Amino acid sequence: MTERERECLLWVAQGKDTTEIGAILSISDNTTKYHLKNVMHKLGCHNRVQAVVRAIQLGLIYP
């Protein structure tokens, strides 16, 4: 997981949506979606919530 993917996922864990994450990280909505899609693929998850839970279980993020 890249640092940017981790950042995006941490913001998802805080309840932020795509537009809010993009504004916080100064990236576009499409770039935010790209990073989240990649991390979901890497973790074998079908949605953002599953990805957050899986990342916490694996110790990759700490909310």
Side-chain angles (χ1 to χ4, degrees):
M1 175 183 318
T2 68
E3 188 60 33
R4 187 59 98 182
E5 290 167 353
R6 182 175 281 112
E7 286 177 311
C8 289
L9 204 54
L10 280 168
W11 285 114
V12 170
Q14 296 300 317
K16 302 297 183 190
D17 65 22
T18 300
T19 302
E20 292 170 323
I21 295 168
I24 292 165
L25 299 178
S26 299
I27 58 178
S28 72
D29 287 3
N30 283 338
T31 302
T32 302
K33 290 176 188 175
Y34 171 81
H35 289 305
L36 290 170
K37 184 182 82 166
N38 284 342
V39 76
M40 286 187 294
H41 177 74
K42 290 176 182 179
L43 295 175
C45 299
H46 297 287
N47 62 54
R48 296 173 182 199
V49 174
Q50 286 179 340
V52 168
V53 171
R54 186 72 179 131
I56 292 169
Q57 289 173 336
L58 294 171
L60 300 173
I61 63 171
Y62 304 95

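In this text the structure is predicted, and so the values were computed from the model without any measurement. For reference, positions follow the sequence shown, starting with 1.
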Might you point out which heavy atoms bring Val39 and Leu36 nearest each other, and give the distance in Å? CG1-O, 3.2 Å
Heavy-atom nearest pair, Ile21 first then Cys8, reads CD1-O, 3.8 Å
For Glu7, the side-chain contact (heavy atoms from CB on, under 4.5 Å) test, sequence neighbours excluded, returns Glu3, Arg4, Leu25
List in chain and number order the residues that pass side-chain hydrogen bond (donor to acceptor under 3.5 Å, both in side chains) with Asp29, two or more places apart in sequence or in another chain; answer none if no residue qualifies. Thr19
Sorted by chain and number, sequence neighbours left out, side-chain contact (heavy atoms from CB on, under 4.5 Å) with Leu10 holds for Arg6, Ile61
Pairs where residues 9-18 contributes a residue and the test salt bridge (Lys or Arg N to Asp or Glu O under 4.0 Å) is met, not counting sequence neighbours: none
Look at the side-chain heavy atoms of Ile, Leu, Val, Met, Phe, Trp and Tyr, link any pair under 4.5 Å apart, and say whether Ile24 and Val52 land in one connected group. yes
State plainly whether one hydrophobic cluster holds both Ile56 and Leu60, where clusters connect Ile, Leu, Val, Met, Phe, Trp and Tyr through side-chain heavy atoms under 4.5 angstrom apart. yes
Go through the steps for Leu9 and Leu43 under the test side chain to side chain contact (heavy atoms under 4.5 Å, CB included), then give the verdict. CA-CA 12 Å; Leu9 204 54; Leu43 295 175; 4.3 Å; yes
Sequence neighbours excluded, every pair satisfying side-chain hydrogen bond (donor to acceptor under 3.5 Å, both in side chains) that has a member inside residues 43-52: Thr18-Arg48
Transitively linked via ILVMFWY side-chain contacts under 4.5 Å: Tyr34 with Ile27? no
Under the rule for side-chain contact (heavy atoms from CB on, under 4.5 Å), what residues qualify as partners of Lys42, not counting sequence neighbours? Thr2, Glu5
